[in-house]
Amino acid sequence: MTWLIYALAALAEIAGCFAFWAWTRLDRSPLWIAPGVVSLALFAYLLTRVDSEAAGRAYAAYGGVYIVASILWLWLVEHRTPDRWDIIGAAVCLVGATIILAGPRTT
């Protein structure tokens, strides 16, 4: 369930940030800000649903998922093919996120 929440959070965060990008960099209407703010609020809410005893650890692991999602956004939404360095970097980050989430903890 954690990976699904992270995937949804990444989509919400990227969509929200892209709304601001579209407004400021692509000369879209300022009305793009409203769904962007809603999307960013949804992102923040979703991260609170991750099963973790510490917010910092949940956010750190999310970072790897966000990077992979950003590369997918680059490819699927912006229609730019990721190069091998994008893919290698994203894979390394995803391995790091997995280590953070799945590593044995001592209390």
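Counting begins at 1 with the first residue of the sequence.
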Point to revise | Passing candidate, ring pair (Phe, Tyr, Trp, His ring centres under 6.0 Å) with Y6, options Y59, Y66, Y62 | key: Y62
If you round to the nearest 0.5 Å, how far is [atom2] of [Y] from [atom1] of [X]?
X: L8; Y: W3; atom1: CG; atom2: CH2; value: 13.5 Å
X: E78; Y: I71; atom1: CD; atom2: CD1; value: 10.0 Å
X: L11; Y: L42; atom1: CG; atom2: CG; value: 8.5 Å
X: F43; Y: C17; atom1: CZ; atom2: SG; value: 8.0 Å
X: L72; Y: I67; atom1: CG; atom2: CD1; value: 12.5 Å
X: H79; Y: L74; atom1: NE2; atom2: CG; value: 10.5 Å

Compare every heavy atom of [Y] with every heavy atom of [X], then report the nearest pair and how far apart it is.
X: V65; Y: A7; result: CG1-N, 4.2 Å
X: I33; Y: F20; result: CG2-CZ, 3.6 Å
X: A15; Y: S39; result: CB-OG, 3.8 Å
X: G64; Y: A97; result: CA-CB, 4.1 Å
X: L46; Y: I5; result: O-CG2, 3.1 Å

Review point. Is the number of heavy atoms from other residues, nucleotides or ligands under 6.0 Å of W73 CH2 greater than 12?
Key: yes
Point to revise | Of V50, I100, L101, the residue whose pairing with R57 passes side-chain contact (heavy atoms from CB on, under 4.5 Å) | key: I100
The criterion is side chain to side chain contact (heavy atoms under 4.5 Å, CB included); which residues satisfy it with [X], sequence neighbours excluded?
X: D83; result: W85, D86
X: L31; result: S29
X: A22; result: F18, L26, R28, W32

Review point. Applying the 4.5 Å side-chain criterion to the ILVMFWY set and letting contacts propagate, would V38 and L40 be lumped into a single cluster?
Key: no
Review point. Shared ILVMFWY cluster between V92 and I87, side chains joined below 4.5 angstrom?
Key: no
Exercise for review: Find out whether V68 and C93 are in side-chain contact, i.e. whether some heavy atom of one side chain is under 4.5 Å from a heavy atom of the other.
Suggested key: no
